[in-house]
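Just so you know, these numbers come straight off a predicted model, no measurement behind them. Atoms within each ligand, like the ligands themselves, are counted from 1 in listed order.
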Amino acid sequence: MSLPFSLNPTLETLPVYLPGRPIEEVARELGLPAKDIIKVASNENPLGPSPLALAAIEKAAKQLHLYPDGNAFYFKQKLAEHLDLQTGNLILGNGSNEIIEFLGHALMELGSNIVVSDYCFAIYPIVAKMLDAEVISVPARDYGHDLPAMLQAITPKTKIIFVANPNNPTGTLASAKDVMDLVNGVPDHVVLVMDEAYIEFLVGAVDLLPMIRSAKKPNLILMRTFSKIYGLAGLRLGYGIGHPDLIKALEKIRQPFNINSLAQAAGLAALSDDEHVRKTRQNNLDGRAYFEKELTHLGLEFVPSAANFIMVKVGDGKGVFEKMQGQGVITRPMGGYKLPEWIRISIGTPAENERCLAALKKVLGKP
Ligand SMILES: *Cc1c(COP(=O)(O)O)cnc(C)c1O
């Protein structure tokens, strides 16, 4: 490196997160109009943003000369009501990714460790490594989290155990029994982070909110987001749900204006958009069933998913990703997750699903 000063040496070995490729970028590269390209790479909502959120943004835009409310009073009030919690149970993040960072700053340091699963969400280990904490990665079971083994992997130096349920990128869902055993079995010195980014897609999800309401588990925090079912990924709005004392500690780390005023207005409106949530959930159930049927028909292995995406074994994941991209279909190669034979496909609209499958068939030479 040619900089005349030294950087934090941790940066030298820090893994880099590779996001799904933006439509515009691929369009420029292929010399195609953006409208001819579909992106099924980042688990975004194929039905678009909540219409109620869009209307609220238009209204709020007129006040953009003012700083946002640093405490997001109205949005938090509404969110607390929606979840039947107190506002003191909530911390807002610039996407739930920022909550992961708050947790890192609050808890991780040299000599400490975090426990994750193989094939876990990529941000957990990146934040831990940035903060010099060790990452203990527990082998997966059928591509899913082995929660009893993760509990066993905890050491006296463990600060956080991260569990995404359903998990991204595998789509796997832990059993209700395993989740409750984990919540009840996690030692007091460890914070259990349950990442519920996809919980709204589930039917009959394990409900951990009563544990928060009872305030008996100060070492439990849930994370949720407006990026997935509410279709607001571009707005960056997520939140953590926990014991008021833990929330207070995290609030010290949060920058005052991390949630912009458009996000506050849109989030508030989106919480009332039951229609959009219902349509999105149904579209997802239908689309996932379509992929399961067609992939089975093609004899392709996939991991049964509880979320809004599906991981498919295609052989050369990177090669298939590139060739599908050449046909204007952006998926996600899984090499970065040590799954080089797999790609991940986000469930789209029926038309997108058909186009994606046709591109996959063509690339694999399947009739
Ligand atoms: C998409 C996703 C998130 C949400 O990220 P945002 O920062 O809220 O957009 C969090 N965790 C997992 C596992 C995800 O897949």
Q.
I'd like to know if the side chain of N168 pairs up with that of R344 as donor and acceptor (distance under 3.5 Å, no hydrogens or angles considered).
A. yes
Q: Would you mind reporting whether L220 and M194 have side-chain heavy atoms less than 4.5 Å apart?
A: yes
Q.
Tell me the closest heavy-atom pair linking C356 and V40, and the distance in Å.
A. SG-CG2, 4.2 Å
(Q) So if I count the atoms of ligand 1 from 1 in the order they appear, which ones are less than 4.0 Å from some heavy atom of N168? (A) 13 (C), 14 (C), 15 (O)
Q: Run the numbers for me: atoms of ligand 1, each under 4.0 Å from some heavy atom of R236, listed by number.
A: 6 (P), 7 (O), 9 (O)
(Q) Under 3.5 Å, is there a donor on one side chain and an acceptor on the other for T10 and D132? (A) yes
Q. Are M223 and ligand 1 in contact, using a heavy-atom cut-off of under 4.0 Å?
A. no
Q: Return yes or no for this condition: an N or O of T225 is under 3.5 Å from an N or O of ligand 1.
A: yes
Q. Which of the atoms of ligand 1 are close to K228, meaning less than 4.0 Å from one of its heavy atoms?
A. 1 (C), 2 (C), 3 (C), 4 (C), 14 (C), 15 (O)
(Q) Please list the nearest protein heavy atom to atom 5 (O) of ligand 1 with its residue and the distance rounded to 0.1 Å. (A) N97 ND2, 3.1 Å
Q: For atom 4 (C) of ligand 1, find the nearest protein heavy atom and state the residue, atom name and distance (0.1 Å precision).
A: S96 OG, 3.2 Å
Q.
Within ligand 1, which atoms have a heavy atom of A197 less than 4.0 Å away?
A. 2 (C), 3 (C), 10 (C), 11 (N), 12 (C), 14 (C)
Q: Compute whether any side-chain donor of one residue and acceptor of the other, for Y198 and N167, lie under 3.5 angstrom apart.
A: no
Q | is_close_aromatic(F226, F75), centroid dist under 6.0 Å | A | yes
Q) Among all protein non-hydrogen atoms, which one is nearest to atom 9 (O) of ligand 1, and what is the separation to 0.1 Å? A) S227 OG, 2.6 Å
Q) Would you call Y198 a ligand 1 contact, heavy-atom distance under 4.0 Å? A) yes
Q) Hey, is NZ on K279 packed in by over 12 heavy atoms from elsewhere, all under 6.0 Å? A) no
Q. Looking only at side chains, do N97 and E101 share a donor and an acceptor under 3.5 Å apart?
A. no
Q: Return a yes/no value for N43: is any of its N or O atoms, backbone included, closer than 3.5 angstrom to an N or O of ligand 1?
A: no
Q) Nearest protein heavy atom to atom 12 (C) of ligand 1, by residue and atom, and its distance? A) D195 OD2, 3.4 Å
